[in-house]
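This report concerns only the one structure given below.
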Amino acid sequence: MNSVFSQTYQNWECIIIDDGSTDNTEEVVQYYLKNDSRFQFHKRIDSYKKGGNGARNYGFDLSVGDFIQYLDADDILSMDKIEKQINLATDENQADVFFCSLAYFSDNILNSKIHSQYIDKSYDKAEDWLIDSWSGGGFGQTMIWLTPRKVHMKAGRWNESVIKNQDGEFFCRVLLNARSLIYSNEGLVYYRKDGKKTSKSTYISPISAQSTFYTFQLYEKHTSELSDKDFSRAIANQYYKFIFFYFPHYRNLREDAISSIIRLGYKPVDFAQNRKIYFLTKFLGLESTLRIIHLAIRLGR
């Protein structure tokens, strides 16, 4: 909240949604509520599903601003983040979405490290960012975006049935409903890399794997009318990365991912990350290659 309070851009409202926390959240926000009328505090009502997506939908429904900035409780905006992006907005580009770079930090943002990515640039066609991102050019974390309300309305609500890669699925729809994507090289957001409560076991849990796979299916659905081979290949690459990430778990889902790659017109070997993996996959098959890689990682090589 300090990073919101300290924004150099002053015309904002901050809507804080309590999703049923058991810590001292309500006590902490009292200081801001008493000292700045731009802060609001609401407890999520039962008509919105418990979880981040339900909280975001509730917050959006309560908001009145022309631009939407999402921010998780343990992450931070640079003081000029919103101002630098707002300054890029004009009456002519109300169909554009704005974003900036991401920096990782643990305890102090003074020791943060900027996470540079290929996709950190402006795009004349916002959808081209998706192709580059899904093809391995990087990812977009929730708070990097500043979205015009009009674009948000076209994209629809956060999917409250999705519990993993929910930001990927939501901003896929946002960018498909945007015209251009404008990158700000001045503002910055800070993502707390350590201290997150989500464990590795949560990331590879059955519900996590199923939800991730479902979002890739939604990618296909959202882009189905575009008939673009670049989209097909990029989504196939997401299925390929899924296979690697969740190996050796969830064989059925991994087999479904292979089937999806083939249905999209490709073979898993087409997405081998280097020549060694390519030849191993070509001659030994994907499953044997995955076992070799998995064993090598376990042995620390």
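Keep in mind that what you see is a predicted model, and the values were worked out from it rather than measured.
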With rounding to the nearest 0.5 angstrom, report the [atom1] to [atom2] distance, [X] to [Y].
{"X": "I82", "Y": "N11", "atom1": "CD1", "atom2": "CG", "result": "10.5 Å"}
{"X": "I16", "Y": "L62", "atom1": "CD1", "atom2": "CG", "result": "12.0 Å"}
{"X": "L77", "Y": "M1", "atom1": "CG", "atom2": "CE", "result": "13.0 Å"}
{"X": "D66", "Y": "K150", "atom1": "CG", "atom2": "NZ", "result": "8.0 Å"}
{"X": "I131", "Y": "N237", "atom1": "CD1", "atom2": "CG", "result": "12.5 Å"}

Close side-chain approach of [X] to [Y], heavy-atom, < 4.5 Å:
{"X": "E83", "Y": "Q10", "result": "no"}
{"X": "R173", "Y": "R157", "result": "no"}
{"X": "F99", "Y": "I182", "result": "no"}
{"X": "T147", "Y": "F67", "result": "no"}
{"X": "C100", "Y": "K84", "result": "no"}
{"X": "D270", "Y": "K267", "result": "yes"}

Exercise. Hey, mind stepping through F271 and Y266 against ring-ring contact (aromatic ring centres under 6.0 Å, His included) and telling me if it holds?
Worked result: CA-CA 9 Å; F271 302 95; Y266 301 94; 5.7 Å; yes
Exercise. Between Y104 and K113, is there a cation-pi geometry (under 6.0 Å to ring centre, at most 45° from the normal)?
Worked result: no
Charged N to carboxylate O below 4.0 Å: is that the case for [X] and [Y]?
{"X": "R179", "Y": "D96", "result": "yes"}
{"X": "R251", "Y": "E287", "result": "yes"}
{"X": "K43", "Y": "E26", "result": "yes"}

[X] (side chain) donor-acceptor with [Y] (main chain) under 3.5 angstrom:
{"X": "S133", "Y": "G138", "result": "yes"}
{"X": "S122", "Y": "Y183", "result": "yes"}
{"X": "Q141", "Y": "L102", "result": "no"}
{"X": "R192", "Y": "D74", "result": "yes"}
{"X": "D36", "Y": "Y32", "result": "no"}
{"X": "Q7", "Y": "S78", "result": "yes"}
{"X": "R149", "Y": "S63", "result": "yes"}
{"X": "Q238", "Y": "W134", "result": "yes"}
{"X": "Q85", "Y": "G187", "result": "no"}
{"X": "S112", "Y": "I109", "result": "yes"}

Problem set entry | S101 versus L188, closest heavy-atom pair with distance |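 Taking S101 first and L188 second, the nearest heavy atoms are O-CD1, 3.5 Å.
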Is it true that, when you exclude [X] itself, more than 12 heavy atoms of the residues, nucleotides or ligands shown sit nearer than 6.0 Å to its [atom1]?
{"X": "D124", "atom1": "CG", "value": "no"}
{"X": "N87", "atom1": "CG", "value": "yes"}
{"X": "I292", "atom1": "CD1", "value": "yes"}
{"X": "D46", "atom1": "CG", "value": "no"}
{"X": "N108", "atom1": "CG", "value": "yes"}
{"X": "F247", "atom1": "CZ", "value": "yes"}

For the residue pair [X] and [Y], confirm or rule out a side-chain donor-acceptor distance under 3.5 Å.
{"X": "D18", "Y": "S21", "value": "yes"}
{"X": "H222", "Y": "E169", "value": "yes"}
{"X": "Q210", "Y": "K164", "value": "no"}
{"X": "S161", "Y": "Y214", "value": "no"}

For this session: With sequence neighbours excluded, tell me which residues meet salt bridge (Lys or Arg N to Asp or Glu O under 4.0 Å) with K121.
Result: none
Exercise. Can you list the steps and then say if F213 with Y239 is a ring-ring contact (aromatic ring centres under 6.0 Å, His included)?
Worked result: CA-CA 8 Å; F213 189 85; Y239 283 120; 5.4 Å; yes
Problem set entry | H152/F170 under ring-ring contact (aromatic ring centres under 6.0 Å, His included): CA gap, chis, key distance, verdict | CA-CA 10 Å; H152 195 306; F170 173 72; 5.0 Å; yes
Same cluster or not: are [X] and [Y] linked, directly or through other Ile, Leu, Val, Met, Phe, Trp or Tyr residues, by side-chain heavy atoms under 4.5 angstrom apart?
{"X": "I235", "Y": "F245", "result": "yes"}
{"X": "V189", "Y": "M79", "result": "no"}
{"X": "Y9", "Y": "L146", "result": "yes"}
{"X": "W129", "Y": "L176", "result": "yes"}

Which pairs would a plain distance check flag for residues 47-60, meaning a side-chain donor or acceptor within less than 3.5 Å of a matching protein atom at least two apart in sequence or in another chain?
from: Y48; atom 1: OH; to: D61; atom 2: OD2; distance (Å): 2.5
from: K50; atom 1: NZ; to: D19; atom 2: O; distance (Å): 2.8
from: N53; atom 1: OD1; to: R56; atom 2: NH1; distance (Å): 3.1
from: N53; atom 1: ND2; to: N159; atom 2: O; distance (Å): 2.6
from: N53; atom 1: ND2; to: V162; atom 2: O; distance (Å): 3.0
from: R56; atom 1: NH2; to: D72; atom 2: OD1; distance (Å): 3.3
from: N57; atom 1: OD1; to: W158; atom 2: N; distance (Å): 2.9
from: N57; atom 1: ND2; to: N53; atom 2: O; distance (Å): 3.4
from: N57; atom 1: ND2; to: W158; atom 2: O; distance (Å): 3.0
from: N57; atom 1: ND2; to: E160; atom 2: OE2; distance (Å): 2.8

For this session: Please name all residues satisfying side-chain hydrogen bond (donor to acceptor under 3.5 Å, both in side chains) with Q217, sequence neighbours left out, ordered by chain then number.
Result: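 Applying side-chain hydrogen bond (donor to acceptor under 3.5 Å, both in side chains) to Q217 gives none.
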Are the ring centres of [X] and [Y] closer than 6.0 Å?
{"X": "W145", "Y": "Y70", "answer": "no"}
{"X": "F244", "Y": "H294", "answer": "no"}
{"X": "Y219", "Y": "F216", "answer": "yes"}

Seminar exercise, completed: So the salt bridge (charged side-chain N to carboxylate O under 4.0 Å, His left out) pairs with at least one residue in residues 221-245 (sequence neighbours excluded) are none
Problem set entry | Test side chain to side chain contact (heavy atoms under 4.5 Å, CB included) applied to L33 - qualifying residues, sequence neighbours left out | V29, Q30, F39, F41
Could you go through residues 276-286 and list every donor-acceptor pair under 3.5 Å that involves a side-chain atom there, pairing it with any protein atom two or more places apart or in another chain?
from: T281; atom 1: OG1; to: I277; atom 2: O; distance (Å): 2.7

For this session: Using the side chain to side chain contact (heavy atoms under 4.5 Å, CB included) rule, take W12 and Q69 through it: C-alpha gap first, then chi angles, then the decisive distance, then the call.
Result: CA-CA 10 Å; W12 50 260; Q69 166 72 60; over 6 Å; no
For this session: List the steps, then state whether side chain to side chain contact (heavy atoms under 4.5 Å, CB included) holds for S184 with L88.
Result: CA-CA 8 Å; S184 169; L88 296 172; 3.8 Å; yes
